[in-house]
Amino acid sequence: MIWYPYEQMKRMKAPYEIVDAEGPYLYTKDAKLLDSISSWWSVIYGYHQPKITEAICQQATKFSHVMLGGLTHKPVQELSEKLAAWLPGDLNYCFFSDSGSVAVEVALKMALQYYVNRGENSRKSVLALEHAYHGDTFKTMAVGDDEDYHFVLQVYGKNPYIIHIPTELDALEKAFARYGDELNCFIVEPLLQGAGGMRMYDMAFLKRSRELCDKYGVLLIFDEVATGFGRTGNRFVADVVLPDILVLGKGLTGGHIGHAVTVANKKVFSAFYDDASEKALMHGPTFMGNALACAAAKASIELFDELDVVTRVAHIEEIARRELMGFIDSRIREVRIMGGCACIEVYDAQTLAGYQQFAYERGVFARPFLKYLYSMVPYILTDDELVHVFTVMKEWFRRG
Ligand SMILES: Cc1ncc(COP(=O)(O)O)c(C=O)c1O
């Protein structure tokens, strides 16, 4: 039996069975569905993308996987070189993992050990955001702040080494003034908090975060697993404010195969680069640097530039604003739009009950959660397809 994610299995409705997927469409036996959420925001160029599929197939004719323990190979070398050249600043040191959660774990471990390696064992705390979501492994749950996902952790009570603040400048200043000397890192989903409710905040907050991290000697970690690869309208938010550690996943492979990367700058890497073996980063997921995933990721990065994704996302945002901004209904609390993400927040989660089936019957796959009806479309949608996604959202409210 399959144990499905985030579901009460006892009363879960039967999932739609997908028999094929091509471009932005998912196919069931009898329906063609425009995927409005890109398979958890990862399939950014659509399904069965020819260039990515070809890269995977080509690599599979050689070998699919060899471990990185004592071995290396061309796909992982090429990808790390590509990332180092493509990413901003001196974010050049790539540690690969099989999922975004693990890559965040690695970032948090790096930040802690960065100080331990320098003999500063007192920097035990992590600063994170209210409503943060960084994955479902234990440490990522702890730095996350979403009880809707992680209520099981409540049995431990509040973790004294993790401090959560809202995305407000005043709270930021106060947190650094109070805890600045105890923190090893400040981890954020920059500009857009996804699973915590598609919450959007200002670049000024990140700019000030960078200044305060520098002032107090705290590492700044950007978890761009969701925001990276164009989703906020920036290629990466890291292009505007440079973090010390950047985490990428999801769109890294165009969503074709699971993989993620934790990219450190020279300052972080240098704290590990030493004759002492205990200063090494003791981490090694079996499938890190998987050859198929690396081939897919390299193709995905090339596509990003070839398709001029940043311009494309600006166009998606423009259409979303035209179609949704100003749409009023007494059940709607707020409409938020940033880059390739549009969200309608309602007052009462019950308002969205039944939306998935409603959308299905109109040829759209959606998966609202809690009070959030949102789209994170593949970037390849035509204007008509985009308008259809937003029209179905509006029809839901108009039907009474
Ligand atoms: C910001 C962020 N970080 C980390 C993760 C975890 O990634 P994965 O599901 O690949 O473990 C997610 C997943 O949605 C995410 O949105």
Side-chain angles (χ1 to χ4, degrees), residues 3-7 35-44 95-111 126-146 148-150 153 162 164 167 185-201 206 220-232 234 236-238 243 245-263 283 285-290 293 296-297 300 338-341 343 367-370 372 374-376 378:
W3 197 334
Y4 284 93
Y6 304 122
E7 288 288 354
D35 183 357
S36 67
I37 59 163
S38 311
S39 272
W40 272 331
W41 331 333
S42 66
V43 186
I44 55 178
F95 192 97
F96 295 97
S97 322
D98 30 26
S99 73
S101 303
V102 175
V104 173
E105 292 275 345
V106 170
L108 294 167
K109 192 165 165 180
M110 265 180 195
V126 172
L127 185 62
L129 295 178
E130 287 178 3
H131 305 290
Y133 176 88
H134 294 289
D136 292 340
T137 52
F138 252 65
K139 187 68 182 178
T140 61
M141 285 198 290
V143 296
D145 175 45
D146 218 310
D148 293 309
Y149 296 92
H150 301 146
L153 279 200
I162 297 169
H164 290 106
T167 52
C185 71
F186 181 24
I187 181 165
V188 296
E189 293 159 86
L191 292 188
L192 171 63
Q193 298 183 277
M198 304 301 158
R199 289 161 200 270
M200 297 163 191
Y201 63 94
L206 295 175
L220 182 60
I221 303 177
F222 278 7
D223 173 355
E224 293 221 49
V225 168
T227 59
F229 289 87
R231 188 56 69 186
T232 65
N234 301 280
F236 300 98
V237 184
I245 301 175
L246 173 65
V247 186
L248 304 176
K250 294 189 188 281
L252 176 67
T253 61
H256 279 51
I257 183 166
H259 224 61
V261 65
T262 310
V263 192
H283 213 97
T286 301
F287 292 107
M288 70 182 292
N290 172 268
S300 165
M338 179 183 280
C341 173
C343 176
R367 195 172 186 274
F369 61 98
L370 306 170
Y372 313 106
Y374 77 99
S375 65
M376 284 221 203

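Predicted model, so just to flag it, every value in this text is computed and none were measured. Order of listing sets the numbers, starting from 1, for every ligand and every atom in it.
Between Ala128 and Val143, the shortest heavy-atom distance links the atoms CB-O, 3.5 Å. When all heavy atoms of Ile221 and Ala111 are compared, the closest pair comes out as CD1-CB, 4.2 Å. Among all heavy-atom pairs drawn from Ser38 and Pro378, the shortest one is OG-N, 2.9 Å. Of all heavy-atom pairs spanning Asp136 and Tyr6, the tightest one is OD2-OH, 2.5 Å. Minimum heavy-atom separation, Ala226 to Arg231: O-CB, 3.5 Å.
When heavy-atom distances to ligand 1 are checked against a 4.0 Å cut-off, Trp40 has no atom that comes that close, whether in backbone or side chain. Contacts between Glu189 and ligand 1, counted as non-hydrogen atom pairs separated by less than 4.0 Å, involve the side chain only.
Here the CZ atom belonging to Arg367 is positioned 7.5 Å from the OH atom belonging to Tyr374, to the nearest 0.5 angstrom.
Given atom 4 (C) of ligand 1, the protein heavy atom at minimum distance is His134 O, 3.2 Å. Ranking the protein heavy atoms by distance from atom 5 (C) of ligand 1 puts Val225 CG1, 3.8 Å first.
Below 3.5 Å of separation, one finds an N or O of Gly100 facing an N or O of ligand 1. Residue Trp41 has no nitrogen or oxygen atom sitting less than 3.5 Å from a nitrogen or oxygen atom of ligand 1, judged on distance alone.
With ligand atoms numbered from 1 in the order given, ligand 1 contributes 16 (O) to contacts under 4.0 Å with heavy atoms of Ala226. Atom numbering of ligand 1 starts at 1 in the shown order; those under 4.0 Å from a heavy atom of Asp223 are 1 (C), 2 (C), 3 (N), 4 (C). Of all atoms in ligand 1, listed by their number and element, those nearer than 4.0 Å to a heavy atom of Lys250 are 12 (C), 13 (C), 14 (O), 16 (O).
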